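Keep in mind it's a predicted model, so treat the numbers as computed, not measured. Values below: all heavy atoms of this structure, side chains included; hydrogens, waters and symmetry mates excluded.
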Amino acid sequence: MSNLRLINETTASAVSKVTINDIFSADYDIYKLQFSNLVQATSTATFSFIRFLNSSGNEITTSNYDTPKLVTRAGGAFADTSYNGQSYLWNSIYNCVNESDFGGATMYVFNPFSSSDYTFTLSQSFFRYNGTSGGTTGHEGYKSIGVLKETTSLTGASFFNDTGNFTSFGVRVYGLRVDS
């Protein structure tokens, strides 16, 4: 039996936000989100962000999200940044202008349903950067650790961009069984 169980598969196109509810439950403590075909509608690639949903299905918009992030570039300098006290999580998943530029992205979410623990994330992505908004043309990778510093039971998530719509969006959500 696999340690991963597919819980949800969502695709969307021409939308500014994708909201998925009822993906986190007491069944699992760890979830894997596998992203595909993240394409930006504008001519400049951009970041996508995440807000978690509480048990009522409402976005948590308090400034309790923190995200340190590492950027690795094949053709330029590495960068180490931190975003603290934000109303969303920098999930280090980069949207590309062209589908062929998107390499892949994965996020792990730890303890989202627990009402006594903070929710942590670990995400990474890889893509071909076209150099249109700073940086250098080439391949880049992002890696981040995030935390929602609230002890709130979460049931879902919303994904949105800092500017513009998703031309396409795909994510598969898996529950990760840990055998002891």
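- Between Ser144 and Thr67, the closest heavy-atom pair is CB-CG2, 3.8 Å.
- Clustering ILVMFWY residues whenever any of their side-chain heavy atoms sit less than 4.5 angstrom apart, transitively, puts Leu176 in a cluster other than the one holding Phe113.
- Every residue meeting the ring-ring contact (aromatic ring centres under 6.0 Å, His included) condition with Tyr83, not counting sequence neighbours, appears here in chain and number order: Trp90.
- Of all non-hydrogen atoms in Gln34 and Tyr174, the two that sit nearest each other are CB-CE1, 4.3 Å.
- Among all heavy-atom pairs drawn from Leu89 and Phe52, the shortest one is CD2-CE1, 4.2 Å.
- Across every non-hydrogen atom of Tyr108 and Ile30, the tightest pair is CD2-CG2, 4.3 Å.
- For the atom pair Leu53 CG and Thr152 OG1, the distance stands at 12.0 Å (nearest 0.5 Å).
- For the atom pair Ile7 CD1 and Phe24 CZ, the distance stands at 8.5 Å (nearest 0.5 Å).
- Residue pairs meeting the salt bridge (Lys or Arg N to Asp or Glu O under 4.0 Å) criterion with at least one member in residues 16-37, sequence neighbours excluded, are Lys17-Glu59.
- The two residues Asn8 and Leu6 have their closest heavy-atom pair at O-CD1, 3.5 Å.
- Interatomic distance, OG of Ser63 versus CG of Asn84, reported as 11.5 Å (0.5 Å rounding).
- The salt bridge (Lys or Arg N to Asp or Glu O under 4.0 Å) pairs that include a residue from residues 108-121 number zero, where partners must be two or more places apart or lie in different chains.
- Legend: residues meeting side chain to side chain donor-acceptor pair (under 3.5 Å) with Ser56, ordered by chain and number and at least two apart, are absent.
- Pairs passing the salt bridge (Lys or Arg N to Asp or Glu O under 4.0 Å) check and including a residue from residues 149-161, sequence neighbours excluded, read Asp66-Lys149.
- Partner Tyr65 forms a side chain to side chain contact (heavy atoms under 4.5 Å, CB included) with one of Ile50, Ile60, Thr121, Val147 and no other, that one being Ile60.
- Contact of the Thr151 side chain with the Ser115 side chain is not registered, since no non-hydrogen atoms from C-beta on lie closer than 4.5 Å.
- A heavy-atom distance below 4.5 Å is found between the side chains of Tyr28 and Arg5.
- A distance of 12.0 Å separates OG of Ser25 from CG of Leu154, quoted to the nearest 0.5 Å.
- Checked against side chain to side chain donor-acceptor pair (under 3.5 Å), Asn21 has the following partners two or more places apart in sequence or in another chain: Thr155.
- Atoms CD and CD1, on Glu9 and Ile20 in that order, are 10.5 Å from each other to the nearest 0.5 Å.
- In this structure, Ser168 and Thr11 have side chains that are not in contact, with every pair of non-hydrogen atoms separated by 4.5 Å or more.
- Remark: Ile145 CD1 is loosely packed, at most 12 non-hydrogen atoms of other residues, nucleotides or ligands lying under 6.0 Å away.
- Taking both residues in full, the closest heavy atoms of Val18 and Ala12 are given as CG2-CB, 3.9 Å, listed atom of the first, atom of the second, then distance.
- Under the rule for a side chain to side chain contact (heavy atoms under 4.5 Å, CB included), the partners of Leu33 that lie at least two apart in sequence or sit in another chain are Tyr31, Phe35, Met107, Val109, Phe159, Val171, Val173.
- Ring pair Tyr88/Phe160 is perpendicular by interplanar angle, where above 60° counts as perpendicular and below 30° as parallel.
- Note that the OG1 atom of Thr106 and the NZ atom of Lys143 stand 10.0 Å from one another [nearest 0.5 Å].
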